[in-house]
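To keep things clear, I will list the structure first and then write my remarks on it.
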Amino acid sequence: MGKKISIVVSVYNEELGLQQFYDHTTPILQQAHENTGWDYELIFVNDGSKDTSLEILKEFAAQDEKVAVINFAANRGHEAAMIAGIDYAAGDGIVCMDADLQHPPESIPDIIKKFDEGYDVISMIRTARDDAGIIKRITSAAFYKVMNALSGKTKFENNSSDFFAISRRVAKVLRQDYRERVRFLRGYVQNVGFKKTTLEFRAQARVAGESNYNIKSLIKLSLNAICNFSDAPLKMGIYAGVFSILAAIILLIYSIVQYFLNKQPAGYSTIIVVLCVMFGVLFIILGFISEYLAIIFAEVKSRPIYIVDSVITKDGEEQK
Ligand code: UDP
Ligand code: MG
């Protein structure tokens, strides 16, 4: 039997661009089927859209047997949507991509080629991005620098994206063993092992609508990613403590000497500055400990990563 590729597309309020995505992607997949023998399925995960995205997706499913729609009971975020798609996918290879055509479907034939060459994890690397300003570029580069510095053995591709492809074997590992509530999906996909490779793509500007990520959610994502892959911040307390004691000893000696020289010890402003610095360090450390605590809390509660309302295919709608 021929092989099959599953395309997982997360959708949140994408009514303006969905038709274009579908019209653009389907011929590429059909062509790839003819050229490579890989059949396809197109899995849309509706992540609790508040616009008419679901109606549009239902129409796709009604006329196209290759389309399946997983409809969430509520918005759970992009990664949860990708995980649901991976759980559902039946293909030998799975490609996760955005619904806004920022991830070019033109790359899919190249991905299939990599699967045929025996690769299990294919990270798509952004070479250029038409959508992002200089600030986003710099912060994103800095983020990967920090991640790689802090995370020890695990290494991350710079400029990796939520556009990636995994084989059936990797999907199985994710389904069974990576059910983390707080996670950095593209990070652990790169670090499960197996045979890895990268492909390059140029990120286009969004076809329609607006980005759902804002500064707040990016900071949250970065913090979670760091706390997920590294325990370095937990050790900050020890370094800060050792440093403070050393500083205290030096200050003590200085003060004693000053006393015997009959000079006034340093005054009020010094105390205030030291106090502020010390409390600053203390609260940052406390903040990091709280981050880890929050992650543990979420894991211990072990609530579901996503909740499916219904699955829609050409055969009809199945309530969950
Ligand atoms: N998305 C989602 N759930 C969300 C937010 C976004 O499924 O809560 C989807 C969105 O529809 C898109 C992809 O995730 O297909 C990436 O989102 P977006 O384009 O807003 O992010 P950016 O490309 O700007 O990083
Ligand atoms: Mg986008």
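Atoms within a ligand are numbered from 1 in the order they appear, just like the ligands themselves.
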Modelled atom types, side-chain donor and acceptor of [X] and [Y], under 3.5 Å:
X: S6; Y: E41; value: yes
X: Q19; Y: H24; value: no
X: D110; Y: S107; value: no

For this session: Classify the contact between V11 and ligand 1 as side chain, backbone, both or neither, using a heavy-atom distance cut-off of under 4.0 Å.
Result: backbone
Contact atoms of ligand 1, heavy-atom distance to [X] under 4.0 Å:
X: E14; answer: 10 (C), 11 (O), 12 (C), 15 (O)
X: D100; answer: 19 (O), 23 (O)
X: Q102; answer: 19 (O), 22 (P), 23 (O)
X: A99; answer: 15 (O)

Seminar exercise, completed: the Mg ion (ligand 2) -> D100, closest N, O or S atom is OD2
Exercise. More than 12 heavy atoms of other residues, nucleotides or ligands under 6.0 Å from NZ of K145: is that the case?
Worked result: no
Problem set entry | Metal site the Mg ion (ligand 2): N/O/S of D98 inside 2.8 Å | no
Problem set entry | Residues E299, K301; criterion salt bridge (Lys or Arg N to Asp or Glu O under 4.0 Å); working and verdict | CA-CA 5 Å; E299 299 297 346; K301 281 191 292 188; over 6 Å; no
